[in-house]
Amino acid sequence: MMTVSGLLGILIGLGLLILFAFRGWSVLLLAPLAALIAALFSREPLLAHWTETFMVSAAGFLAQFFPLFLLGALFGKLMEDSGSVAAIASFMTQRLGPQRAVLAVVLAGALVTYGGVSLFVAFFVLAPMAQELFRVAGVPRRLMPAAIVLGTSTFTMSALPGTPSIQNAIPMPFFGTTPFAAPGLGILASLIMLAFGLWWLNRAEAIAKRNGESFGDGAPMPAERLATDEKLRERTTSAREFDPAEIMHGAATDVPPPAMLAALPLIVVIVVNLAMSLFILPALDTHFLTEARWGETSLAAVGGVWAVITALACAIVTALAVNFRRLPALRATMDAGANAAVLPAMSVASLVGFGAVVAAMPAFTVVRDAVLGIGGGPLVSLAVATNVLAALTGSASGGLTIALDALGATYMTRAAEIGLNPELLHRVAVIGSGTLDSLPHNGAVVTLLAVCGSTHQDSYRDIVAVGIIGALIALAAVIAVGSLVGSF
């Protein structure tokens with residue numbers, strides 16, 4: 001009877017969290033309330049779970065990953081205000097031209113996000129350029145959101161080896177991996193996502209032109225309005241790593257840098273990340289980490305995060321060095337970047353705290369056993385767990401952390417028993433978190449549609465194709481190939 005009551009409490013708490021988060025209520029309020037409801041139905045001590053389970057878990061997430069939120073948001077804001085993102089996007093569109101409008105938008109988005117630029121910064125810069133390019137080419141406006149999603153929110157977020165996304169960083173402390181985990185499988189998944197997405201978009205463009213469909217009507221929501229929409233802000237900050245309210249703060253340059261100079265900080269991110277992960281950190285003497293004052297940890301647990309932190313820090317210094325004269329309000333830009341990290345980090349940490357309380361409920365053993373009992377082995381059950389939790393929370397990073405907090409140690413034990421490389425677990429978990437997080441209630445989807453001047457009715461079908469179906473195909477391929485030949 002207690003198990004039934006406990007499961008009911010978990011479902012009610014989760015249901016209220018999803019419902020009110022979709023309506024624009026703050027996750028900072030909803031997550032602890034939902035956690036307390038779950039604890040109440042299980043007749044567990046409420047205050048103890050709030051302060052010793054919820055807050056300890058949320059604080060642990062911030063301790064591990066807040067530097068990534070901070071440096072990622074700061075780097076994105078510097079790249080935006082210096083005109084670097086716009087310069088890169090403009091270069092891509094000029095080189096490929098209107099005849100390859102879709103490909104230009106996809107590749108521009110992929111380049112800036114793989115180089116570490118925050119997703120929302122990319123949205124606000126790419127959308128106006130995509131609008132002009134699509135208008136000249138006669139490509140329907142309704143395909144703009146899907147093209148931007150394919151370039152910014154699929155393979156560069158979850159599959160491409162070395163991506164500095166927070167989703168790619170989260171499994172590293174759990175599995176002792178680096179940002180370049182399972183590089184061969186990551187490249188395979190990236191090619192599948194990109195190829196399927198481009199095929200779908202080109203097919204949709206061809207059908208639209210045969211039917212005589214033009215660019216169409218609709219007007220993008222002004223950036224000022226998006227930045228001040230509090231309901232939209234609450235829905236987006238738990239979905240991605242940049243607070244849209246800070247988009248309008250700071251001051252942008254009127255003279256963007258040359259494209260090659262604009263791309264230099266992105267190159268620094270990739271090169272430093274690779275060097276730190278594969279050469280520099282493994283060569284250091286890090287035995288001191290086993291001491292109590294450093295938390296008795298190991299390089300395997302922190303090295304991946306250190307690599308991304310160092311890469312972003314070096315990129316920030318590079319961006320400042322090459323664009324110092326192009327930043328008319330440097331302090332305001334820096335402040336806006338730093339502030340943009342706070343609410344997203346706190347929102348995701350609150351979701352993680354909720355997940356920790358749920359995992360501590362006696363009834364959760366039923367859920368855990370059901371997930372672990374899914375046929376197909378640990379890779380399939382891990383993929384299902386991350387997919388479902390990302391879908392329910394509307395957050396890839398939140399769903400992924402909840403899944404690994406609850407089940408990561410179990411998966412590591414099973415992997416050791418059957419000789420499964422943890423790098424394969426890493427890649428499956430990250431790709432799995434980046435599929436069903438793009439459901440209609442996801443804040444990033446809502447924001448992108450508004451930025452592009454489109455609607456769910458017009459554009460969501462194509463977003464599903466490139467952002468969900470393509471990712472699921474890639475995930476299935478990685479699981480199948482990884483199960484046959486292992487990680488590579």
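Start at 1 with the first residue, then count along the sequence. Everything numeric in this text was worked out from a predicted model, so none of it was measured.
A donor-acceptor contact shorter than 3.5 Å is absent between the side chain of Asn339 and the backbone of Ala341. Counting only distance, with no hydrogens or angles, the side chain of Thr386 and the backbone of Ala383 share a donor-acceptor pair below 3.5 Å. Panel note: side chain Thr447, backbone Ala444; no donor-acceptor pair is recorded below 3.5 Å. When atom types are taken as modelled, the side chain of Asn168 and the backbone of Pro164 share no donor-acceptor pair closer than 3.5 angstrom. Lys77 places a side-chain N or O within donor-acceptor distance of the main-chain N or O of His249, the cut-off being under 3.5 Å. Looking only at distances, no side-chain donor or acceptor of Arg427 sits under 3.5 Å from a matching main-chain atom of Leu185. Judged by distance alone, the side chain of Asp405 and the main-chain N or O of Ala356 form no donor-acceptor pair under 3.5 Å. Ser347 places a side-chain N or O within 3.5 Å of a backbone atom of Leu343 that can act as its donor or acceptor partner. Under a 3.5 Å cut-off, the side chain of Ser118 and the backbone N or O of Val121 do not form any donor-acceptor pair. His456 places a side-chain N or O within 3.5 Å of a backbone atom of Pro440 that can act as its donor or acceptor partner.
Minimum heavy-atom separation, Ala146 to Leu201: CB-CD2, 3.7 Å. Closest non-hydrogen pair, His426 versus Thr178, comes out as CE1-O, 3.6 Å. Closest of all the heavy-atom pairs between Ile166 and Ser397 is CG2-CB, 4.1 Å. Between Met276 and Pro282 the shortest heavy-atom distance is O-CD, 3.7 Å. Taking each heavy atom of Ala345 and Phe66 in turn, the nearest pair found is CB-CD1, 3.6 Å. Pairing each heavy atom of Gly470 with each of Phe196, the nearest pair is CA-CD2, 3.6 Å.
In this structure, CG in Asn421 is found 4.5 Å from OG in Ser487, a value given to the nearest 0.5 Å. If you take CD on Gln167 and CG on Leu68, they are separated by 11.0 Å, rounding to the nearest 0.5 Å. Within the model, atoms CZ of Phe41 and CG of Leu11 stand 10.0 Å from one another, a figure rounded to the nearest 0.5 Å. Taking CD1 of Ile170 as the reference point, atom OG of Ser433 lies at 7.5 Å (rounded to 0.5 Å). The structure places CH2 of Trp50 at 9.0 Å from CE of Met55, a figure rounded to the nearest 0.5 Å. Considering CD of Glu52 and OG of Ser57, their distance stands at 12.5 Å, rounded to 0.5 Å.
Geometrically, Arg23 does not engage Trp25 in a cation-pi contact, judged by NZ or CZ lying under 6.0 Å from the ring centre and within 45° of the ring axis.
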| task | Let me see the working for Phe20 and Ser26 under side-chain contact (heavy atoms from CB on, under 4.5 Å), right down to the final yes or no. | result | CA-CA 8 Å; Phe20 285 98; Ser26 174; over 6 Å; no
| said: side-chain contact (heavy atoms from CB on, under 4.5 Å) for Val371 and Val384? Distances and angles first, verdict last. | reply: CA-CA 8 Å; Val371 171; Val384 171; 5.9 Å; no
| query | Checking side-chain contact (heavy atoms from CB on, under 4.5 Å) for the pair Leu14/Phe354: CA distance, chi angles, key distance, verdict? | reply | CA-CA 9 Å; Leu14 182 60; Phe354 165 74; 4.0 Å; yes
| task | Would you sort out whether Ser153 and Leu119 count as a side-chain contact (heavy atoms from CB on, under 4.5 Å), showing the intermediate values? | result | CA-CA 8 Å; Ser153 308; Leu119 185 69; 3.4 Å; yes
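Annotation: side chain of Val106 is in contact with side chain of Leu194 (closest heavy-atom distance under 4.5 Å). A 4.5 Å side-chain heavy-atom check between Thr393 and Ile402 finds at least one atom pair inside the cut-off. The shortest distance between side-chain heavy atoms of Leu425 and Pro171 does not fall below 4.5 Å. Contact check for Val466 versus Thr154: no side-chain heavy atoms found under the 4.5 Å cut-off. Side chains of Leu62 and Met346 form a contact here, defined as non-hydrogen atoms less than 4.5 Å apart. Looking only at side-chain heavy atoms (C-beta outward), Tyr114 and Val269 stay at 4.5 Å or farther from each other. Residues Leu475 and Asn387 form a side-chain contact, since some pair of their non-hydrogen atoms from C-beta on lies under 4.5 Å apart. Two residues are said to be in side-chain contact when any heavy atoms from C-beta on lie closer than 4.5 Å; Val366 and Leu7 meet this criterion.
A side-chain N or O of Thr113 and one of Thr156 form a donor-acceptor pair less than 3.5 Å apart. Side-chain atoms of Tyr460 and Ser454 include no donor-acceptor pair closer than 3.5 Å. Side chains of Ser459 and Asp462: a donor-acceptor N/O pair is absent below 3.5 angstrom, by distance only.
Screening Leu400, Leu351, Leu389, Val352 against Ser395 for a side-chain contact (heavy atoms from CB on, under 4.5 Å) leaves a single residue, Leu351. With respect to Ser158, the side-chain contact (heavy atoms from CB on, under 4.5 Å) criterion is satisfied by exactly one of Asp437, Thr163, Ile431: Ile431.
The pair Glu417-Arg414 fails the salt-bridge criterion, with no side-chain N (NZ, NE, NH1 or NH2) lying under 4.0 Å from an Asp/Glu carboxylate O.
Under the salt bridge (charged side-chain N to carboxylate O under 4.0 Å, His left out) criterion, Glu423 pairs with no residue, sequence neighbours left out.
Atom CD of Glu291 has more than 12 neighbouring heavy atoms from other residues, nucleotides or ligands inside a 6.0 Å radius. A 6.0 Å sphere centred on CG of Leu484 holds more than 12 heavy atoms belonging to other residues, nucleotides or ligands.
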